[in-house]
There are 2 protein chains.
Amino acid sequence: MANQTGVLDDVFLALADPTRRSVVRHLGRGPASVSELARGRAMSLPSFLKHVRTLERAGLVSTTKTGRVRTCALDRERLELVHDWLAEERRVWEGRTDRLEQLVTRSTTSPKDLP
Amino acid sequence: MANQTGVLDDVFLALADPTRRSVVRHLGRGPASVSELARGRAMSLPSFLKHVRTLERAGLVSTTKTGRVRTCALDRERLELVHDWLAEERRVWEGRTDRLEQLVTRSTTSPKDLP
DNA sequence: CCAATACTTAGCCATATGGCTAACCAAACA
DNA sequence: TGTTTGGTTAGCCATATGGCTAAGTATTGG
């Protein structure tokens, strides 16, 4: 149940684009509005909006609208999903298939979300 | 320069599909032939081959042909690229933008390619 | 109230993706 | 020699992606 494949599909797909990775990078420094994120990009606003929607669909970004401004924020937890996937792969290489170890290994880099 | 965006595009795109992630998982246990990898999948051989090609294009898998058999192997280095990208993001969250630290942190998981 | 700002919706278009079948090598058996 | 076996090529097709423009809606500032 840990790996809903659909979610990973969306997450990896969302990250497979330089514009979107750049947005993730930007939001890493803190929340920002859509037009703020779009500034300086050689792209129309509607086109850029699609990228934001893709990031939202992947759950990497959450947005809220206040007045006429939509503010975007990064969801770090979703990015940790990538880390978890990678960690699982490493476990396979190393021949350790025991799932319990997953939670332990995870805490070495970010000791926050142990359910 | 560390982030050739094109490569990350291809790597993330390659991982954005359950079939291909499953191949990566399989190859994590060791090399395998194409038909071996295709076995049990609800998909024609040509269709499956395309996935292998996509993984090759991303550099995640390398293949060699001996006789009539094409053997595929995982390139773990390329997967570390994902880890490196993620690590960079984390550094941004934590406000540490100094690039030197990148090389140090990286060596915790794979102390190989320090240019 | 008017105008500028900040999205948003609704198309349109070219290309890419992911699947298929049919047909075609070439190596390995029997 | 003839037949599997393992892969490959060449199309075809439906849908998705990533870009655009034009024309909306809804706040906000003057």
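Keep in mind that this is a model prediction, so the values were computed, not measured. All chains are named by letter (A, B, ...) in the order of the sequence lines, taking the proteins before the strands, and each is independently numbered beginning at 1.
For the pair B:R53 and B:E56, the salt-bridge criterion is met [side-chain N within less than 4.0 Å of a carboxylate O]. Classification of A:E88 and B:R21 as a salt-bridged pair fails, no side-chain N sitting under 4.0 Å from a carboxylate O.
B:R76 and B:G28 make their closest contact through NH2-O, 3.8 Å (heavy atoms, listed as atom of the first residue, atom of the second, distance). When all heavy atoms of B:L27 and B:A73 are compared, the closest pair comes out as CD1-C, 4.2 Å. The two residues A:W93 and B:E80 make their nearest non-hydrogen contact at CZ3-OE2, 3.8 Å.
Nearer to the 5' terminus of DNA chain D, by closest-nucleotide assignment, is the contact made by B:P46 (compared with the other of B:P46 and A:D17). Position along DNA chain C of the nearest nucleotide to B:T19 versus A:K65 favours A:K65 as the more 5'-ward residue.
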Can you name the atoms? Protein N/O to nucleotides 24-27 of chain C N/O, anything below 3.5 Å, with the distance.
residue: C:dA27; atom: N3; partner: B:R68; partner atom: NH1; Å: 3.0

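Here A:T54 lies out of heavy-atom contact (under 4.0 Å) with every strand. B:R53 comes within 4.0 angstrom of sugar-phosphate atoms only, judged by non-hydrogen atoms across all strands, and of no base. As judged by a 4.0 angstrom heavy-atom cut-off over every strand, B:S35 is placed among residues touching the sugar-phosphate backbone only. Among the atoms of the strands shown, only primed sugar atoms or phosphate atoms (P, OP1, OP2) are found under 4.0 Å from some heavy atom of B:R20. Residue A:S44 is classed as a base contact, given a heavy-atom separation below 4.0 Å to a base.
A donor-acceptor pair under 3.5 Å is formed between the side chain of A:R78 and the backbone N or O of A:A58. B:E36 places a side-chain N or O within donor-acceptor distance of the main-chain N or O of B:S33, the cut-off being under 3.5 Å. With hydrogens and angles disregarded, a donor-acceptor distance shorter than 3.5 Å links the side chain of B:R20 to the backbone of B:A14.
For DNA chain C, if you chain together Watson-Crick or G-U pairs that step i with j, i+1 with j-1 and so on, the runs of at least three with distances under 3.5 Å are C:1-30 with D:1-30.
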### Task
Please step through side-chain hydrogen bond (donor to acceptor under 3.5 Å, both in side chains) for the pair B:R41 and B:S47, ending with a clear verdict.
CA-CA 11 Å; B:R41 289 176 205 281; B:S47 298; over 6 Å; no
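Remark: P of C:dT8 and CG of A:L49 are 6 Å apart, rounded to the nearest angstrom.
Protein chain A touches strand DNA chain D; the 5'-most and 3'-most nucleotides with an atom under 4.0 angstrom of its non-hydrogen atoms are D:dT17 to D:dT28.
Using the six-membered ring where Trp is involved, A:F12 and A:W85 have ring planes that are perpendicular, over 60° apart on the 30 and 60° scheme.
Taking hydrophobic clusters as Ile, Leu, Val, Met, Phe, Trp and Tyr residues chained together by side-chain heavy-atom distances below 4.5 Å, A:V24 does not share a cluster with B:L13.
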